[in-house]
Amino acid sequence: MPEIILQHFYNRDPAIVARELLGKLLVRIIDGIRLSGYIVETEAYYGPEDPASRARRGGDLARTMRGAVGYTLIYGIHRQWLLNIVAHPPECYGAVLIRAIEPLEGIEYMMRYRGRYNIHELTNGPGRLTRALRIDKSLHRKPVFKSESLLRIEKGIDVDVKDIAVSYRIGVSKDLDRPLRFYIRGNKFVSKK
DNA sequence: AGGAAGATCTACT
DNA sequence: GTAGATCTTCCTA
């Protein structure tokens with residue numbers, strides 16, 4: 001039986017959650033088919049004090065980032081959907097962006113749907129993985145800690161601390177002074193070295 | 001009602 | 001390496 005990750009896992013600092021999400025299994029059920037992949041790259045985002053955070057702009061995204069943890073936060077940019085998980089201590093803002101996964105189940109389905117047949121180009125980027133897993137705005141604000149969710153996070157593999165690499169975030173024009181991107185060193189499915 | 005910004009991806013040179 | 005595609009969201013008037 002697959003083991004779901006419980007809600008309290010997300011009730012911590014987003015950087016901690018981002019690091020510990022590495023190796024977890026992202027599972028998507030679509031048309032009764034199970035698609036999945038190990039999370040191999042994440043980024044942590046904070047509240048309005050974070051120049052790269054969507055919380056800065058207010059509105060629904062900011063409210064969601066301060067709302068219940070363990071829920072999806074999905075927003076569009078440049079015609080793609082980006083998947084985040086709300087994660088923060090009580091009364092704070094925070095979310096973790098899922099940037100890349102290593103495909104495990106349903107690889108053929110993902111290839112057909114995305115029209116890409118090179119496995120290394122299937123899910124190595126935040127916009128790419130949402131397309132491969134058919135994730136869109138209809139999955140916004142849904143719990144990933146329930147075993148019946150169509151998009152959820154399950155226990156995956158243990159990642160050794162020494163295999164975790166850290167860098168500054170990618171694609172942001174103004175970053176914080178501390179590196180908030182986490183990825184599995186040497187993994188072939190990470191979006192960038 | 002309009003405008004601007006943006007946590008990207010792809011194709012082409 | 002870089003330009004351009006093309007969409008959602010929020011802010012201002």
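Letters go in sequence order (proteins before strands), and every chain restarts at 1.
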DNA chain C-proximal residues of [range], any heavy atom under 4.0 Å:
range	answer
residues 59-86 of chain A	G59(A), D60(A), L61(A), H78(A), R79(A), W81(A)
residues 87-104 of chain A	none
residues 122-131 of chain A	none

List in chain and number order the residues that pass side chain to side chain donor-acceptor pair (under 3.5 Å) with [X], two or more places apart in sequence or in another chain; answer none if no residue qualifies.
X	result
Y71(A)	none
E20(A)	R12(A)
Y38(A)	none

Just the rounded figure in Å: distance from [atom2] of [N] to [atom1] of [X].
X	N	atom1	atom2	answer
Y45(A)	dG6(B)	OH	P	12 Å
Y168(A)	dA7(B)	OH	P	18 Å
I170(A)	dA7(B)	CD1	P	13 Å
F182(A)	dA7(B)	CZ	P	18 Å

Using Watson-Crick pairs (N1 to N3, plus N6-O4 or O6-N4) and G-U wobble pairs, both distances under 3.5 Å, which stems of at least 3 pairs involve DNA chain C?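 Ordered by first number, the stems with DNA chain C (at least 3 consecutive pairs each) read B:1-6 with C:7-12, B:8-12 with C:1-5.
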All N/O donor-acceptor pairs, side-chain side in residues 93-101 of chain A, below 3.5 Å, sequence neighbours left out:
| residue | atom | partner | partner atom | Å |
| --- | --- | --- | --- | --- |
| R99(A) | NE | E41(A) | OE2 | 2.8 |
| R99(A) | NH2 | S191(A) | OG | 3.2 |

Terminal contacting nucleotides, 5' and 3', DNA chain C versus chain A (heavy atom, 4.0 Å): dA5(C) to dC11(C)
Looking at [X] and [Y], would you say the former's side chain and the latter's main chain have a donor-acceptor pair under 3.5 Å?
X	Y	answer
N124(A)	H120(A)	yes
R28(A)	L133(A)	yes
S53(A)	A55(A)	yes
R152(A)	S149(A)	yes

Could you point out which residue of V17(A), D13(A), V69(A) forms a side-chain contact (heavy atoms from CB on, under 4.5 Å) with H88(A)?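 The single option meeting the side-chain contact (heavy atoms from CB on, under 4.5 Å) with H88(A) is V69(A).
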If the test is side-chain contact (heavy atoms from CB on, under 4.5 Å), which one of V40(A), D163(A), V159(A) qualifies with N187(A)? V40(A)
Please, which pairs that meet ring-ring contact (aromatic ring centres under 6.0 Å, His included) have at least one residue in residues 1-34 of chain A, sequence neighbours excluded?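 Every pair satisfying ring-ring contact (aromatic ring centres under 6.0 Å, His included) with a residue in residues 1-34 of chain A: there are none.
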With side chains defined as the heavy atoms from C-beta onward, is the minimum distance between [X] and [Y] less than 4.5 Å?
X	Y	answer
Y113(A)	M111(A)	no
I5(A)	K155(A)	yes
L151(A)	T72(A)	yes

Where do R169(A) and A52(A) come nearest, in terms of heavy atoms and distance?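 Shortest heavy-atom contact: NH2-CB, 3.7 Å.
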Please tell me whether Y109(A) and D31(A) have a donor and an acceptor in their side chains that are separated by less than 3.5 angstrom. yes
If you measure only the distance, is there a donor-acceptor pair under 3.5 Å linking the side chains of R128(A) and T123(A)? no
Nucleotide N/O of nucleotides 11-13 of chain B paired with protein N/O under 3.5 Å:
| residue | atom | partner | partner atom | Å |
| --- | --- | --- | --- | --- |
| dA11(B) | OP2 | R116(A) | NH2 | 3.2 |

I16(A): hydrophobic cluster co-members (side-chain, 4.5 Å):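 Result for I16(A) is none, singleton.
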